[in-house]
K.L.:
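Below you'll find the structure I mean.
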2 protein chains.
Amino acid sequence: MDLETLDGMQKPASRRRGERTRTIPEQIADHVSNAIVNGEYRGDERIREQELATLYGVSRGPVREAIRTLQERGLVNFFPRRGAYVVNITLDTIVDVFNVRAALMGLAARDLARRKEMPFLADLRAGIADAKALAKTKGTTPQHFARGIARLGGLVAERCGNHHLSRLLRDQLNHTLWGVIWRDRPLDFFTPRRQHAAVREWEAIATTIEAGEEKSAELLMRRVFFTARDAAIGALQQTRSERVSRAGMIKD
Amino acid sequence: MDLETLDGMQKPASRRRGERTRTIPEQIADHVSNAIVNGEYRGDERIREQELATLYGVSRGPVREAIRTLQERGLVNFFPRRGAYVVNITLDTIVDVFNVRAALMGLAARDLARRKEMPFLADLRAGIADAKALAKTKGTTPQHFARGIARLGGLVAERCGNHHLSRLLRDQLNHTLWGVIWRDRPLDFFTPRRQHAAVREWEAIATTIEAGEEKSAELLMRRVFFTARDAAIGALQQTRSERVSRAGMIKD
DNA sequence: CTATTGTCAATTGTCAACAATTGTACAAAC
DNA sequence: GTTTGTACAATTGTTGACAATTGACAATAG
C-alpha cells in the first residue's frame, strides 16, 4: 500500500467543543478502512500488525484493536493466530450489503412512522429542503448531492428510536458502501434529473412517516436503497468486467 | 458477580476433530456473556479489566479483547478511557432486538426463496421433521423444543447465501435473546399446542421457499419472530413489573 | 515418488511495567 | 452556598519483551 504517514492524526491536545477525542485505534481503523475501500489493498491481501504499527508509529496493541474494528466493519477476515486478510469486494458483496441496509433502513422508517416525533420530522423536512436546494442549484456535483442524501439516511438511522438498529446502521457495512460509491464513482448517477427524483422519493417517505403509514414508509425506504443498488451495480459492471452471479435481485 | 473460576477452559492441548481451538478471549467473552444474560450483573454495572483478568487468571490484554467482543454483541456499552458498563436489558430493548432479527431473517428467507437450493431445502425439511417429531413426543420440554426451533433459524441464517447477513445474524443480538429466553424462561410458551403451531408455521415457510415466493417467505418468517416477540414480552411482563413503553408493535 | 516428520523463521498471542486520563474528594475563593 | 481549582487514587491506554503457534521447507522413511 501507499506508505504515507498519518500526519492528520490528532494528539489529545486539541479537540473541538463537545467532541470526544478520537482514540488512536479509531483513527488507525478509519485510515485503513479508507485505504481498503479506495483499493489500496488487493483482495485477500494479508495485513501484518507490525507493518501497520511501524507505519503509524505506535506499538502493536492499538493496531490489534484497529484490526478488530476492521473486522466488525466487515472489511477484513480475521483468523486467530493466522492474521487478518482484506476482504474481496465483489459485485455480489455489494448487492448483499445494499440488501441488508435496505432491510434495516426499512425497519427504521417503520419505527419512525409509528412514533411520529415532531423534532425528528422537522429535522427530516429541513434535510430534504437542503437536498432540494442543492438539486435546484446549478453547479451541484453528483458527489455533493450524494452527501446531502446520505445525511438523510444518517438522520433516519440515528433517530429511529431503536438503539440496536442505530448501532448496526452506524457500524456495519457503511464503509464498504461509501468506498464503492466514491472509489469507482458510479454515482455520476446523480444527474440533475435523478437528483429531483431522489428528492421526490424522500418527500414521499417523509409524508408517509408523518401520516404514520408504517408499511408504506418501509416500502418506500427499501425502494430507495434498491434503486441505489441497481444504479451502483449498473455503473460498476461497466467499470469492472465482472458480472453479478445472483439470480436476480429483490425488487420490493 | 459469582466468583467461580473458569475450570472448563481448555488449554490448546485437546481439540476435537475439525474444531478450531477457541481462543482465550473468546472463552472469556462467552463466559461473561452468559453471566450477563443470566442476570449475574446488574444493569449499568461497571466491568473492570483487572477484575476479570485476575478472575480468569490472565493479563488484561485478552480481557480487553473479550470486552470488545461483548460490545459487538451489544451486551456492554464501552466508553474510551472510562470503561465498560453492562447494558440494561429492558423490555423495550427486547422488542427492538426481536424487530431487528425479524427484519434480517425476513431478508434471509427471501434470499433463500430466490435461490431455491436443493441441499438447503433438504436440510430445512429434515430439521422441520425433527421438530415435528419432538412435538409429537410426549415428554418434550418447552426448552428442548425451543432448541429445535432455534436450529431452524440457525440453518436459515447460515445458508441464506448473503455472507454479511449471516455474520450479522450470528454475531449480533443473538446472545441477548437467548439469555432473555432462558433466564426468565418465558418460553414455557411452547405448550404442546403451540409446538404444533410452530411446526406448521415453519412448514409454510419451507413451502414458500420451495415455491420461490419471496414476498410470502419474508412475511411468514417475520411473523414467526413477531409471534415469538409478543410471547416473550407477554411472559416477561408478568415476571417483571415493567411495561413496554413503545406505542404498539409492528404486526407484519 | 509420496507421505511423514522435524526444524526454522515469521507472525500472532500474552504478559507485566509504565504512561496518561478520569472521576472524586477536599480545599479555596467568590 | 455555590463554584472553581487542585491533588490523588483508581483505571484505562500503550509499550516492548517474551511465549506460542503457524506455514514453509528440508530431511527422512516407506
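Residue numbers begin at 1 in each chain, while the letters A, B, ... track the order of the sequences. The figures here come from the full heavy-atom set of this structure, side chains too, leaving out hydrogens, waters and symmetry mates.
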K.L.:
Picking from dT14(D), dT12(C), dG13(D), which would you name as closest to the side chain of Phe78(B)?
P.N.:
dG13(D)

K.L.:
Measure the distance from CD1 on Ile24(B) to P on dC15(C) and round it to the nearest whole Å.
P.N.:
6 Å

K.L.:
For the side chain of Arg60(A), starting at C-beta, report the closest nucleotide among dA16(C), dG13(D), dA17(D).
P.N.:
dA17(D)

K.L.:
Could you state the CZ-P distance from Arg81(A) to dT12(C), rounded to the nearest angstrom?
P.N.:
13 Å

K.L.:
For Gln27(B) and dG13(C), give me the distance from atom CD to atom P, rounded to whole Å.
P.N.:
14 Å

K.L.:
Picking from dT14(C), dT15(D), dT12(C), which would you name as closest to the side chain of Arg48(A)?
P.N.:
dT12(C)

K.L.:
Measure CD/Gln50(B) against C1'/dA9(D) and give the value in whole Å, please.
P.N.:
15 Å

K.L.:
Report the distance from atom CZ of Arg68(B) to atom P of dT12(D), rounded to the nearest whole Å.
P.N.:
15 Å

K.L.:
Can you name the closest pair of heavy atoms from Ser33(A) and Leu70(A) and give their distance?
P.N.:
OG-CD2, 3.2 Å

K.L.:
How is Ile47(B) classified with respect to the nucleic acid when contacts are heavy atoms under 4.0 Å: base, sugar-phosphate, or nothing?
P.N.:
sugar-phosphate

K.L.:
Within the 4.0 Å heavy-atom criterion, would you say Gly61(B) contacts the bases, only the backbone, or no part of the nucleic acid?
P.N.:
nothing

K.L.:
Taking the minimum atom-to-atom distance to the side chain of Arg46(A), which one of dC15(C), dT14(C), dT11(C) wins?
P.N.:
dT11(C)

K.L.:
Mind listing the closest non-hydrogen atom pair of Glu49(A) and Val63(A) along with its distance?
P.N.:
O-CG1, 3.7 Å

K.L.:
Side chain of Ser59(A): nearest nucleotide among dT21(C), dG16(D), dT21(D)?
P.N.:
dG16(D)

K.L.:
Rounded to the Å, how far apart are Tyr85(A) OH and dT22(D) P?
P.N.:
12 Å

K.L.:
Ignoring the backbone of Glu49(A), work out which of dT14(D), dG13(C), dT14(C) is nearest its side chain.
P.N.:
dG13(C)

K.L.:
Which of the following nucleotides, dT15(D), dT12(C), dG13(D), is nearest to the side chain of Val58(A)?
P.N.:
dT15(D)

K.L.:
Round to the nearest Å and state the distance from Glu65(A) atom CD to dG13(C) atom C1'.
P.N.:
14 Å

K.L.:
Is it true that Asp30(A) and Arg73(A) make a salt bridge, defined as a side-chain N closer than 4.0 Å to a carboxylate O?
P.N.:
yes

K.L.:
Look at the side chain of Arg82(B) and decide which nucleotide, out of dT11(D), dG13(D), dT22(C), has an atom nearest to it.
P.N.:
dT22(C)

K.L.:
Which heavy atom of Gly127(B) sits nearest a heavy atom of Leu152(B), and at what distance?
P.N.:
C-CD2, 3.5 Å

K.L.:
Return the minimal non-hydrogen interatomic distance between Arg46(B) and Arg82(B), and the atom names on each side.
P.N.:
NH2-O, 3.1 Å

K.L.:
Closer to the 5' end of DNA chain D via nearest nucleotide, is it Gly83(B) or Pro80(A)?
P.N.:
Gly83(B)

K.L.:
Rounded to the nearest angstrom, tell me the gap between atom CZ in Phe79(A) and atom C1' in dT22(D).
P.N.:
14 Å

